[in-house]
Participant: 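If you scroll down you'll find the structure; I have some questions about it.
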There are 4 protein chains.
Amino acid sequence: MKRSSETTAKATAAGSDKYQRILDAAIEVIAEKGFFHSRVSEIADRAGVADGTIYLYFKNKDELLMAAIDSAFHGFIGRARTELSKVADPREKLRKMAFLHLQALGSNRNMAIVFQTELRHSAKFLAQFSHSLLVEYFDLIKGVLREGQEAGVFRAELPVKIAVNCFFGAVDEMVTSWILSDRDRDYPLSNLADVIVDILLKGMETSAKHGS
Amino acid sequence: MKRSSETTAKATAAGSDKYQRILDAAIEVIAEKGFFHSRVSEIADRAGVADGTIYLYFKNKDELLMAAIDSAFHGFIGRARTELSKVADPREKLRKMAFLHLQALGSNRNMAIVFQTELRHSAKFLAQFSHSLLVEYFDLIKGVLREGQEAGVFRAELPVKIAVNCFFGAVDEMVTSWILSDRDRDYPLSNLADVIVDILLKGMETSAKHGS
Amino acid sequence: MKRSSETTAKATAAGSDKYQRILDAAIEVIAEKGFFHSRVSEIADRAGVADGTIYLYFKNKDELLMAAIDSAFHGFIGRARTELSKVADPREKLRKMAFLHLQALGSNRNMAIVFQTELRHSAKFLAQFSHSLLVEYFDLIKGVLREGQEAGVFRAELPVKIAVNCFFGAVDEMVTSWILSDRDRDYPLSNLADVIVDILLKGMETSAKHGS
Amino acid sequence: MKRSSETTAKATAAGSDKYQRILDAAIEVIAEKGFFHSRVSEIADRAGVADGTIYLYFKNKDELLMAAIDSAFHGFIGRARTELSKVADPREKLRKMAFLHLQALGSNRNMAIVFQTELRHSAKFLAQFSHSLLVEYFDLIKGVLREGQEAGVFRAELPVKIAVNCFFGAVDEMVTSWILSDRDRDYPLSNLADVIVDILLKGMETSAKHGS
DNA sequence: GATGAATGAGGCTTCATTCAT
DNA sequence: CATGAATGAAGCCTCATTCAT
């Protein structure tokens, strides 16, 4: 692994959990200080390794952040896919997805902070992430919406691409609101899933207005 | 905000629009490079002033960013309030707000980049902004929703706070998507206002499902 | 000069001799420690400026060394040209050149060390210097030799290019020997000029051997 | 020279020519990158051993360079002594020595680069080498010159020490010129031996000038 | 002997900020 | 008010060396 440029280092190698420890420490420090104010030396400290060791596993500070996010995100997408496949009704799938999203970040405040802030710290960075990972999320939802349209439970004229943005934006914004509230919320973030999905499914208008 | 006797008579005075020039230059550079990669010297260059001059108007780099965002945001909120007051129907107000939001950022890509990325730099920064400015936006929308509920056009059981987040999140996400698309979109971002608001008002489900 | 990449900074600018002070300090430190063991911070210390100031005048450590050598060498070549033009006899010109070369370095041990060691510290570096500066030296001598051949005082069949190398190599080696002798030589290095030139002019063989 | 088992009985022992392999790799890498830019890990790579193994054979990086140069130089001096003893005429001995010198380095560009550049890294390093090894070379030539004076073929008044420097300097400079020429010379470097020695023996002046 | 993952000291360089002019 | 040369703290990263296996 030495001098190798891969970031994909096998964490399972020779009794070493350093890779994962560094990743965790990175998330922790970045959540606390923000990426640019995070010091490599502090991440190393918390991971219990020497500064230089970081560079045996990651090319540089930037790649370390990317790796931390990638790792967390892939785990989430994988779990999401599995869970969604267990549900039949497209509406329930949306509900499930919102729940998983809120639960994933709601149960790990540090990770949530990183996702809601550092991930967007520069247009270039955001674009990079967006292209490589977020599309997976969006495609997943797009699939659900199309499925729902075919099943006749979602309006046929719904512009799928934009609807996906609404869904993601709404859920995402809840997370942002949540991390900004200093007091520990007394209710789990994931409880909001139903509320949000209800709004998105039924709309804000009174039913009376429909069919007009 | 310092020295802002804006609307000031002395704006015409002996060549001193430096404050605004610095603000504009800051937005420009920050949009291009990201806040942390922006150099005070470059902002000074583009504003056509000396490095040191910046510090006559702003306490430090951080406050410069804050001021730039504040200035732009206040302008927006002011215009929004005025425009909304001209509309009676709460639904039309939402439509208008979405339009103004999308138009404001859609017509100034640099500003959009700063809002979608730099604003969310770090949890601390975001919180600071959120408390001081974003609440004005949220309160505005909250007012519209309550008004709509009273008028009977919005569902009475709608949880206003969460609905506001959905609205903001959806619109916000459209802007993010837009700045991430490299190709210059051939349609104005603001055109999407109607589509988004329709989704939020009527929901994604087929009308048939309502009334159950 | 700020942020400019020129290394040719005008030393005479606004009451500042910093450029020259840095150059001198660089030669001093490099002579003592060798280029790679020289620390920018120590050069700054001795020049009486802040570390960062070095970078207002030089792009980086490498360019600082280059500039120091360039500066010293150009001074030498200029003086050499002037002096040589005052002498008519090509043989005396060679003698003069050897004298100037030995005197220049013999009177500045630090500079001598830099020229004999650091200048050659990597093939790439040496090549760079060789192409841009040493050719001036070589061309000067070549001119003298050709002049001497035309005047009939140097052998016509003498391969000029190689002879120039012999001349330079011989003088150069004397300097190297000199800096390697720890004890301060009790005679000036420049005294050797005559001896070296005599050997090169008359050869090592006994005269009797000539004409064979 | 690689894998030369000469004089070592234990070279045949269980696959352990590592010492020489490391030495060869060191010369190779140092010639390419220069000593300070050479990485111990790269030398280990090319030698096909682990980084740590280097330290079983050499105390540190510096000693590795020293050993590499020593090894090569001793081989050269040994061969030179043998060859010179086969020649009777002191003039022919000089010619032979120049030839051997030029041939040794001319046939191994990497070695030449190391000798012409890295050897002169720092005054301290050069002095160290000079004292321990170069004196052997110089003494060899000194012997030849004295022999020639006794035989009456070299001028009796020739200052031997300085003449030796001229000889070495001239030959040495030819090598330097050669490694700096990027184009592969179309003639062997060793061909120049005669030319150089002719200049040193007969001098640059026209014969007519002698005997005056 | 051999390995190579881990170490951690320390250098070069950047750049926000100051202050004498 | 304005300047911009100078400052100097501080971080990322490299890489020679060690040592447990």
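Throughout, protein chains are lettered first and strands after them, A, B, ... in sequence-line order, and every chain is numbered starting at 1.
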Participant: Can you tell me the base-pairing partner of F:dT7? Count Watson-Crick or G-U wobble geometry only, both distances below 3.5 Å, and say none if there is no partner.
Facilitator: E:dA16
Participant: Kindly point out which of E:dA16, F:dC12, F:dA2 is positioned nearest to the side chain of B:Leu56?
Facilitator: F:dA2
Participant: Whole-Å distance between F:dT3 P and B:Lys18 NZ?
Facilitator: 5 Å
Participant: If you find the nucleotide of DNA chain F closest to D:Ser38 and the one closest to A:Ser38, which residue's nucleotide is nearer the 5' end?
Facilitator: A:Ser38
Participant: Tell me whether the OP1 or OP2 atom of E:dT7 has a side-chain N or O from A:Tyr55 closer than 4.0 Å.
Facilitator: no
Participant: State whether C:Arg39 places a side-chain N or O below 4.0 Å from either non-bridging phosphate oxygen (OP1 or OP2) of E:dC12.
Facilitator: yes
Participant: Relative to the 5' end of DNA chain E, which residue comes earlier, D:Ala50 or B:Gly52, by the nucleotide with the nearest heavy atom?
Facilitator: D:Ala50
Participant: If you check the A:Asn60 side chain, which of F:dT17, F:dC13, E:dT13 turns out closest?
Facilitator: F:dC13
Participant: Before you tell me yes or no, could you show the steps for B:Tyr55 and B:Val40 under side chain to side chain contact (heavy atoms under 4.5 Å, CB included), namely the whole-Å CA-CA distance, both residues' side-chain angles and the distance that decides it to 0.1 Å?
Facilitator: CA-CA 10 Å; B:Tyr55 292 85; B:Val40 170; 3.9 Å; yes
Participant: Take atom CD of B:Glu42 and atom P of E:dT14, then tell me their distance rounded to the nearest Å.
Facilitator: 15 Å
Participant: On DNA chain F, check which nucleotide each of B:Gly48 and C:Val49 is closest to and give me the residue with the more 5' one.
Facilitator: B:Gly48
Participant: Name the one of B:Glu42, B:Glu118, B:Glu28 that satisfies salt bridge (charged side-chain N to carboxylate O under 4.0 Å, His left out) with B:Lys33?
Facilitator: B:Glu42
Participant: What integer distance in Å separates C:Lys33:NZ from E:dG10:C1'?
Facilitator: 14 Å
Participant: Any donor-acceptor pair under 3.5 Å linking the side chain of B:Arg46 with the backbone of B:Ala26?
Facilitator: no
Participant: Without decimals, in angstroms, what is the distance between C:Ile54 CD1 and F:dA5 P?
Facilitator: 17 Å
Participant: Would you tell me if any nitrogen or oxygen in the side chain of B:Tyr57 comes within less than 4.0 Å of OP1 or OP2 on F:dA2?
Facilitator: yes
Participant: Within this structure, what is the CD1-to-C1' distance between D:Ile43 and F:dT17, rounded to whole angstrom?
Facilitator: 14 Å
Participant: Heavy atoms from C-beta onward define the side chain here; which of F:dA6, F:dT14, E:dA16 lies closest to that of C:Thr53?
Facilitator: F:dA6
Participant: Rounded to whole angstrom units, what separation is found between the CG atom of B:Asp51 and the P atom of F:dC1?
Facilitator: 19 Å
Participant: Please tell me which of B:Asp62 and C:Ser41 maps to the more 5' nucleotide of DNA chain E, matching each residue to the nucleotide holding its nearest heavy atom.
Facilitator: C:Ser41
Participant: Please test D:His37 against C:Phe36 for side chain to side chain contact (heavy atoms under 4.5 Å, CB included), starting from the C-alpha separation and ending with a verdict.
Facilitator: CA-CA 10 Å; D:His37 290 130; C:Phe36 276 96; 3.6 Å; yes
Participant: Which whole-number value in Å describes the distance from B:Phe58 CZ to F:dA2 P?
Facilitator: 12 Å
Participant: Send over the distance from C:Phe36 CZ to F:dC15 P, rounded to a whole Å.
Facilitator: 11 Å
Participant: Of all the choices, E:dT3, E:dT17, F:dT17, which nucleotide is nearest to the side chain of D:Val40 once you look at every atom?
Facilitator: F:dT17
Participant: For B:Thr117 and B:Phe35: C-alpha separation, side-chain torsions, deciding distance, then whether side chain to side chain contact (heavy atoms under 4.5 Å, CB included) applies.
Facilitator: CA-CA 9 Å; B:Thr117 62; B:Phe35 180 67; over 6 Å; no
